[in-house]
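In what follows, a single structure is set out as structure tokens and then discussed.
Note that the structure is a prediction, hence the values are computed from the model and not measured. Numbering of ligands and ligand atoms starts at 1, following listing order.
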Amino acid sequence: MDAAERAAALRREIEQHNHAYYVLDAPVVPDAEYDRLFRELQAIEAEHAQLRTEDSPTQRVGGKPLPGFPPLRHVVPMLSIRTETDTEASGALAFDTRIRGLSGLGESDPPVEYVAELKFDGLAINLRYEDGILVRAATRGDGETGEDVTQNIRTVRRIPLRLKGDAPPVLEVRGEVFISRPDFERYNARQRALGRPTLVNPRNGAAGSIRQLDPAIAAERPLSFYAYGLGESRGWDVPTTHGGLLDALAAFGLPVCEYRAVVQGAAGLIDFHARIREARDALPFDIDGVVYKVNSLALQQRLGFVSREPRWAVAHKYPAEEALTTVEAIEVQVGRTGAITPVARLAPVFVGGVTVTNATLHNEAEARRKDVRVGDTVIVRRAGDVIPEVVSVVLARRPARDLIGDEPLHSAFELPKTCPVCGSAVERPEDEAIARCSGGLFCPAQRKQALLHFAGRRAMDIEGLGDRIVEQLVDHALVRTPADLYTLGLPAVVNLERMAERSAANILAAIAQSKATTLARFIFALGIRNVGEATAKDLARHFGNLDALMGADADCLQQVPDVGPIVAASVARFFAEPHNIEVIGQLRAAGVSWPQGEPAAVVGSPIAGKTFVLTGTLPELTRDEAKDMIEALGGKVAGSVSKKTDYVVAGAEAGSKLDKAQALGLSILDEKQFRELISS
Ligand code: IVH
């Protein structure tokens with residue numbers, strides 16, 4: 001093989017890899033192999049200058065900086081597109097109605113066929129291929145004349161320098177150059193790391209890159225491209241539909257966006273609009289709407305255009321997801337679990353389809369990183385159903401203290417030391433982003449949550465005290481802390497909405513009954529952060545009484561098996577908050593009590609210290625009941641089978657745990673054998 005043949009073969013192979021990598025997103029060779037082919041081609045071309053062709057992949061970044069972009073007249077004008085600003089389904093309906101009217105279609109005629117596409121947010125480009133080779137690329141300009149940006153466009157890896165297959169003598173392809181969001185983030189992160197300027201947003205980044213006079217700069221920018229239309233073509237059998245055209249462009253190796261559909265009538269358009277609205281946030285690039293085009297090119301021709309805008313196409317927008325507004329105050333909100341979230345109160349602004357007056361700053365670190373201050377102009381974003389958030393501050397618009405100095409009027413955000421709702425201490429455990437109010441039992445913001453947890457089946461087990469009732473008890477100020485439950489009287493409860501006398505009495509009975517509990521249940525019921533049921537049992541077993549637990553410091557708490565520094569710290573914090581101690585005192589005064597010391601039953605128990613695993617459905621006992629029985633007798637229940645398991649209690653449809661137990665040769669019991677064992 002001579003040098004010319006080898007160079008041609010290398011070019012073909014490299015273009016194939018480019019297509020696989022940049023268009024199909026499915027590379028077939030490792031980068032190192034690609035680099036090797038590339039260097040071999042460069043070497044041949046360096047040695048034989050006559051072999052350096054225009055379509056060679058080595059020529060993507062070959063050009064020298066230009067003094068300016070020469071104007072380039074479009075053979076077929078580049079049209080603009082009408083925008084439908086009604087962002088609801090009615091916008092799509094209006095377009096279809098217009099098309100049907102213009103086409104003289106009556107109500108009984110079949111639906112019009114459309115292609116629905118995305119409206120990309122970048123820069124429109126015309127690519128001219130002659131005999132399959134990219135010869136020129138131009139911006140839209142005024143639609144008649146654009147700028148010749150061929151050098152920069154050659155640097156876009158996704159744009160083939162040579163078309164695949166049987167390309168016609170002339171083919172002009174139209175599409176959008178843009179920057180994807182992940183590429184944008186990566187590029188900016190790298191720029192920041194190098195202390196270089198970042199791009200403001202993907203759209204400006206794409207447009208700005210194409211307008212760089214030095215192609216070496218454009219080459220560094222992560223530009224993408226999607227084809228969506230046709231310019232001039234010669235010697236080509238143009239498909240009869242727009243959908244067919246897009247398929248043909250894809251077959252030539254051009255990137256065409258997967259999110260496109262051939263749909264029928266207004267219903268099809270509305271459906272596409274709704275589907276893309278849902279998918280919008282997950283797309284790797286920004287769009288500001290979708291585009292509908294009449295599918296039949298013959299019908300397109302008949303419909304024609306008015307003043308640079310075709311009648312056969314429309315862009316259907318979505319509500320803008322970002323808007324500018326000003327910060328009126330920064331406050332903190334206390335969530336149901338005590339999480340403290342800084343929130344910016346905003347001058348009302350319409351964004352993402354609703355009027356927004358608050359936006360989350362997530363947490364202290366985020367608020368400081370974004371450095372949002374009162375009086376600032378900020379970009380707010382509300383995408384889909386997500387909580388509105390402050391994206392960034394427009395620093396250029398930050399009000400200064402006076403006309404000379406540039407001291408800001410307001411200082412940076414600081415987390416309050418005490419909870420704005422209840423005054424308890426605010427704590428932020430090390431390594432955690434979220435600060436919390438430590439007044440779990442006392443804080444009004446956490447009341448409902450605390451009460452529901454307290455009454456829960458595995459906690460104080462107050463039957464009938466569910467969501468609806470807790471809601472009302474708190475809203476009517478009948479109950480503030482769990483201790484107040486024990487002072488409720490019948491008249492107050494009967495007065496609640498939809499409450500029969502009988503159910504009121506039942507609830508009061510359940511509350512009274514809950515007074516006799518166990519230490520483990522009581523500890524769990526307190527709702528201490530990071531203390532689940534198992535930890536509550538460990539703590540109860542270890543300390544034996546509440547006062548010892550309340551008096552324990554973090555070191556002492558870590559002596560408890562399975563209690564690490566995080567749990568120890570949150571237990572210590574909980575009992576350090578006087579408000580919580582006060583509520584515990586009230587609970588005890590109300591008569592809440594538990595057996596003192598170790599449960600007597602455990603002494604002489606046949607299963608003390610034994611580990612059980614429960615699997616499958618038992619005929620009579622629920623899993624919780626079986627667990628309670630085992631634990632009452634000093635046994636432990638584990639979640640998975642191991643060599644340390646003493647007994648496996650298996651019911652119907654026991655699965656892999658049973659298989660494993662058999663494999664390990666463990667004792668396997670059914671419910672009857674289990675009952676016999678514990679009563680022995
Ligand atoms: S077709 C039919 N299709 O929108 C008229 N344009 O205002 C020719 N755009 O300059 C445009 N996505 O930059 C078409 N799927 C899409 C598009 C799209 C984005 C841009 C394009 C054009 C502008 C029209």
**Any N or O of P310 closer than 3.5 Å to N or O of ligand 1** = no
**Message:** Among all protein heavy atoms in this structure, tell me which lies nearest to atom 5 (C) of ligand 1, with the distance rounded to 0.1 Å.
**Reply:** S80 O, 3.6 Å
**Message:** Looking at every non-hydrogen atom in both residues, tell me the closest pair between E366 and L361 and how far apart they are.
**Reply:** CB-O, 3.1 Å
**Message:** So which atom in L199 and which in I179 form the shortest heavy-atom distance, rounded to 0.1 Å?
**Reply:** CD1-CD1, 3.9 Å
**Prompt:** Who's the nearest protein heavy-atom neighbour of atom 24 (C) of ligand 1, and how far?
**Reply:** I81 CG2, 3.2 Å
**Item:** Protein residue, atom and distance nearest to atom 20 (C) of ligand 1, heavy-atom basis
**Value:** E176 OE1, 3.6 Å
**Request:** Would you mind finding which of F178, Y226, Y228 brings a heavy atom closest to atom 16 (C) of ligand 1?
**Result:** Y228
**Message:** Do I44 and L10 make a side-chain contact, defined as non-hydrogen atoms from C-beta onward lying under 4.5 Å apart?
**Reply:** yes
**Message:** One thing to verify: whether D183 and R186 come together as a salt bridge, which I'm taking to mean a side-chain N less than 4.0 angstrom from a carboxylate O.
**Reply:** yes
**Item:** atom 10 (O) of ligand 1: nearest protein contact (heavy atom, Å)
**Value:** A124 CB, 3.5 Å
**Prompt:** Among protein heavy atoms, which sits nearest to atom 1 (S) of ligand 1, and what does the distance come to when rounded to 0.1 Å?
**Reply:** K293 NZ, 3.4 Å
**Prompt:** When N295 is tested against each of V263, T241, V112 for side chain to side chain contact (heavy atoms under 4.5 Å, CB included), which residue passes?
**Reply:** T241
**Prompt:** At under 4.0 Å between heavy atoms, which part of K119 makes contact with ligand 1: side chain, backbone, both or neither?
**Reply:** both
**Request:** Give a yes or no on whether a salt bridge exists between R211 and E147, defined as a side-chain N under 4.0 angstrom from a carboxylate O.
**Result:** yes
**Message:** Considering both backbone and side-chain atoms of W312, is one of its nitrogen or oxygen atoms within less than 3.5 Å of a nitrogen or oxygen in ligand 1?
**Reply:** no
**Message:** If we set the cut-off at 4.0 Å for heavy atoms, which region of D121 has an atom near ligand 1: side chain, backbone, both, or neither?
**Reply:** neither
**Request:** Determine whether the side chain, the backbone, both or neither of F120 has a heavy atom under 4.0 Å from any heavy atom of ligand 1.
**Result:** both
**Request:** Could you establish whether G229 and ligand 1 come within less than 4.0 Å of each other, counting only heavy atoms on the residue side?
**Result:** no
**Request:** Decide if atom CD of E5 counts as having more than 12 heavy atoms of other residues, nucleotides or ligands within a radius under 6.0 Å.
**Result:** yes
**Message:** Please check whether L79 reaches ligand 1 - meaning an N/O of the residue sits under 3.5 Å from an N/O of the ligand, judged on distance alone.
**Reply:** no
**Prompt:** Do E40 and R6 sit within salt-bridge range, that is, some charged N less than 4.0 Å from a carboxylate O?
**Reply:** yes
**Asked** Using 4.0 Å as the upper bound for N to carboxylate O, is an ion pair formed by E45 and R11?
**Response** yes
**Nearest-neighbour protein heavy atom for atom 15 (N) of ligand 1, which is reported as residue plus atom name and distance** = E117 OE1, 2.7 Å
